[in-house]
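All remarks here apply to the structure that follows.
The structure presented is a predicted model; accordingly, all values stated were derived computationally and were not measured.
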Amino acid sequence: MRVSMTLSLPRQPASVTRARHVLNTLLSLTDATEDSRGQLAVLISEACANAVMHADPGSTVDITIVIDDDACRIEIGNRGRTPLDAGLDAGLPAPLTVGGRGLPLIAALADTATFVVGPPGHVLLRITKHLGGVRAAAPRRQPSPCGAPLDT
């Protein structure tokens, strides 16, 4: 099954919640595990919160969600600049520092996360996460020589 949706939300804090709700609704159509769903909720929340905080004033937060069989890809884009220290491999800030944990958290939870080069003045973060533990299809039943079904 393939499910996809593209959203363009206003640059305001309520958009983080809206994006998370849309993702949760799309994931409800799949067999994704609760762990995967919870981690994806954190991933989209952190990425959207960063876009809301750092996007150019008056811009939108553009979100694409694609769920394809056993993986989910989330892209969060906005007008602005990729921060100079936006390395997803950066360590956590000092314990008493306010903020600065979003990108390291995204890197820790995602299977892949990277800033994608796009048009000047546009930031795009692409995140992928496998939907671990997706239930396999039910085994096919084959007829036995005497007519009763056999599990394979």
Side-chain angles (χ1 to χ4, degrees), residues 1-140:
M1 170 175 25
R2 179 178 167 84
V3 178
S4 65
M5 180 171 275
T6 301
L7 308 161
S8 186
L9 300 173
R11 183 185 168 251
Q12 58 188 26
S15 292
V16 177
T17 302
R18 287 187 185 111
R20 190 173 51 247
H21 285 287
V22 167
L23 176 64
N24 191 48
T25 299
L26 294 176
L27 287 170
S28 72
L29 302 173
T30 73
D31 289 333
T33 64
E34 287 300 316
D35 281 348
S36 294
R37 290 168 68 148
Q39 291 174 7
L40 282 160
V42 171
L43 288 165
I44 199 167
S45 297
E46 290 296 329
C48 285
N50 280 346
V52 166
M53 287 180 60
H54 301 293
D56 288 349
S59 68
T60 59
V61 177
D62 302 314
I63 304 162
T64 300
I65 302 167
V66 178
I67 303 169
D68 201 359
D69 294 325
D70 65 346
C72 179
R73 184 181 79 234
I74 301 170
E75 294 179 349
I76 309 292
N78 60 273
R79 281 185 299 148
R81 293 180 323 190
T82 303
L84 297 176
D85 59 347
L88 290 164
D89 57 355
L92 291 171
L96 298 179
T97 301
V98 175
R101 289 168 181 77
L103 293 178
L105 185 58
I106 289 170
L109 291 177
D111 291 327
T112 64
T114 187
F115 283 101
V116 177
V117 176
H122 190 78
V123 178
L124 181 65
L125 176 60
R126 180 176 294 148
I127 300 166
T128 59
K129 177 80 177 161
H130 287 88
L131 304 175
V134 172
R135 286 180 263 149
R140 292 184 52 198

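Between L27 and A32, the closest heavy-atom pair is CD2-CB, 4.3 Å. Closest approach of I127 and A47 over heavy atoms only: CD1-CB, 4.0 Å. Of all heavy-atom pairs between M1 and L29, the closest is CE-O, 2.7 Å. When all heavy atoms are compared, the tightest approach of S8 to T60 is OG-OG1, 3.3 Å. The two atoms that bring C72 and I67 nearest to each other are SG-CG1, 3.9 Å, heavy atoms only. Closest approach of S45 to A41, counting heavy atoms only: OG-O, 2.7 Å.
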task: Could you please spell out the steps behind the side chain to side chain contact (heavy atoms under 4.5 Å, CB included) verdict for R20 and V16?
output: CA-CA 6 Å; R20 190 173 51 247; V16 177; 4.0 Å; yes
request  = For side chain to side chain contact (heavy atoms under 4.5 Å, CB included), just list the numbers for V22 and I63, CA-CA rounded to whole Å, side-chain angles, deciding distance to a tenth of an Å, and then say yes or no.
outcome  = CA-CA 10 Å; V22 167; I63 304 162; over 6 Å; no
Determine whether I76 and I44 satisfy the following criterion, side chain to side chain contact (heavy atoms under 4.5 Å, CB included), listing intermediate values before the conclusion. CA-CA 8 Å; I76 309 292; I44 199 167; 4.2 Å; yes
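K129 places no side-chain N or O within donor-acceptor distance of the main-chain N or O of S36, the cut-off being under 3.5 Å. Counting only distance, with no hydrogens or angles, the side chain of H122 and the backbone of N78 share a donor-acceptor pair below 3.5 Å. The backbone N or O of R11 lies less than 3.5 Å from no partner atom in the side chain of S15, so there is not a single donor-acceptor pair.
Interatomic distance, L109 CG to D35 CG, rounded to the nearest 0.5 Å: 11.0 Å. In this structure, D69 CG and L131 CG are separated by 9.5 Å, a value rounded to the nearest 0.5 Å. The line from CD1 of I65 to CG of L23 is 5.0 Å long, rounded to the nearest 0.5 Å.
When each of T128, L40, T64 is paired with I74, the side-chain contact (heavy atoms from CB on, under 4.5 Å) condition holds for L40 and for no other.
Within the 4.5 Å cutoff, no side-chain heavy atoms of S4 are placed close to those of R73. Looking at heavy atoms from C-beta onward, L125 lies out of side-chain contact with N50 at the 4.5 angstrom threshold.
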